[in-house]
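Side-chain atoms are counted along with the backbone in the values below, which use heavy atoms only and exclude waters and symmetry mates. Below, read A as the first sequence line, B as the second, and so on, with proteins coming before strands; counting in each chain starts at 1.
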Number of protein chains: 2
Amino acid sequence: MKPTPKQALRETGVRVTRQREALLKVLTEASDHPDAAELHRRARTIDDSLSLATVYRTLSVLEREGVVLRLALENGGARYEVADTPHHDHIIDLDTGEITEFRSEKIEDLQRQIAAELGYEIVHHRMELYCRKRT
Amino acid sequence: MKPTPKQALRETGVRVTRQREALLKVLTEASDHPDAAELHRRARTIDDSLSLATVYRTLSVLEREGVVLRLALENGGARYEVADTPHHDHIIDLDTGEITEFRSEKIEDLQRQIAAELGYEIVHHRMELYCRKRT
DNA sequence: GTGTATGCAAATCATTTGCACGGTC
DNA sequence: GACCGTGCAAATGATTTGCATACAC
């Protein structure tokens with residue numbers, strides 16, 4: 001069974017510190033897709049000495065270790081989520097900013113097929129649908 | 001038939017200045033997807049007084065008017081292209097940075113269908129395949 | 001002539017980094 | 001105890017903005 005984020009950290013030989021545990025806890029509990037500043041705000045309630053610089057440093061470690069995913073939206077802001085669910089893409093509600101996850105095996109197949117026709121192999125991809133609720 | 005970018009500008013009541021013409025020319029002739037700094041460099045060979053600030057200001061006007069498209073890649077850098085071809089998405093070669101355009105009606109249909117199932121209407125979307133040449 | 005566009009330099013904003021200190025292994 | 005991780009503040013890099021001047025209409 002899948003290791004907890006904390007276990008995942010230990011296993012990669014990265015040191016488990018107070019601030020990293022705080023950040024992991026906040027990340028794990030977040031169902032929305034917070035940005036670095038928001039994560040900092042939340043994690044501070046657990047460890048008030050945590051600095052924003054460390055949040056960034058930790059997020060990049062966690063991303064490198066495959067524990068979190070960075071979601072770079074079109075407006076330039078980066079959002080984060082724990083990598084504990086299978087691959088999926090996102091729908092962004094233009095009015096509320098709410099982010100919904102979805103997954104389509106069919107689309108993934110088509111993407112691979114298109115890339116292959118052009119002589120490419122997909123390493124990773126991003127797909128975001130910027131939407132508005134239907135009235 | 002489709003108006004030239006310059007005509008498009010006049011029609012929207014935006015002033016056609018020396019620097020805007022220079023930028024439009026460079027944009028129209030570019031087959032790659034240059035960023036703001038690169039466009040500045042190129043347009044300067046036509047009008048050497050052109051400032052980078054104006055490049056940004058003009059690009060945002062052109063984007064608002066639907067004349068150019070801003071492509072926000074995952075590394076944060078923005079690239080631009082003239083909106084003179086039908087909608088398409090991009091393949092980014094991770095090794096060379098080269099950008100290839102592609103279009104899939106099937107994928108677009110599936111996207112609309114998925115959004116609809118969740119009660120959404122797609123306003124616009126982005127899809128980028130980060131790839132590597134097959135060996 | 002009027003009002004918009006421009007250049008310049010200073011201001012933002014998100015993110016990164018240098019450095020000396022503190023804490024994990 | 002060795003070495004990695006942290007806080008702080010300063011550095012960065014891309015983009016934006018205030019202001020006085022220049023130019024399109």
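- One can place CG of A/Asn75 at 12 Å from P of D/dT16, the figure rounded to the nearest angstrom.
- The residues A/Arg112 and A/Glu105 are annotated as salt-bridged, a charged nitrogen and a carboxylate oxygen being separated by less than 4.0 angstrom.
- A close approach under 4.0 Å does occur between a side-chain nitrogen or oxygen of A/Thr17 and OP1 or OP2 of D/dT6.
- Of the candidate nucleotides D/dC3, C/dC8, D/dG7, C/dC8 has the atom lying nearest to any side-chain atom of B/Ala53.
- An OP1 or OP2 oxygen of D/dG7 is reached within less than 4.0 angstrom by a side-chain nitrogen or oxygen of A/Gln19.
- The side chain of B/Arg20 lies closest to C/dT6, out of C/dT24, D/dT6, C/dT6.
- Distances from the side chain of A/Leu52 to the nucleotides C/dT15, D/dC3, C/dT4 place C/dT15 closest.
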Open item on the list: Before you tell me yes or no, could you show the steps for B/His90 and B/Glu81 under side chain to side chain contact (heavy atoms under 4.5 Å, CB included), namely the whole-Å CA-CA distance, both residues' side-chain angles and the distance that decides it to 0.1 Å?
Closed with: CA-CA 12 Å; B/His90 301 90; B/Glu81 62 184 0; 3.4 Å; yes
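- Rounded to an integer number of Å, the gap from B/Leu23 CG to C/dG7 P is 11 Å.
- If you check the side chains of B/Glu101 and B/His33, you find a donor sitting under 3.5 Å from an acceptor.
- The listed nucleotides are D/dT6, D/dT16, C/dT24; the one nearest the side chain of B/Tyr56 is D/dT16.
- The side chain of B/Thr54 lies closest to C/dT6 when the candidates are C/dT6, C/dA14, D/dC25.
- Between A/Leu24 atom CG and D/dG5 atom P the separation is 14 Å, expressed in whole Å.
- Mapping A/Arg18 and B/Tyr80 onto DNA chain D by nearest heavy atom places A/Arg18 at the nucleotide closer to the 5' end.
- Across the protein-nucleic acid pair, B/Leu59 atom CG and D/dT17 atom C1' stand 16 Å apart, rounded to whole Å.
- In this structure, B/Ser60 and A/Ser51 both approach DNA chain D, and ranking their closest nucleotides by distance from the 5' end singles out A/Ser51.
- If you measure from atom CG of B/Asp35 to atom P of D/dT15, you get 7 Å, rounded to the nearest angstrom.
- In terms of polar N and O atoms assigned as donor or acceptor, the side chain of A/Arg57 comes within less than 3.5 Å of the base of C/dG18 in a complementary pairing.
- At a threshold of 4.5 Å between non-hydrogen side-chain atoms, the residues A/Leu27 and A/Leu62 count as touching.
- Rounded to a whole Å, the CG atom of A/Asp47 is 13 Å from the C1' atom of D/dG5.
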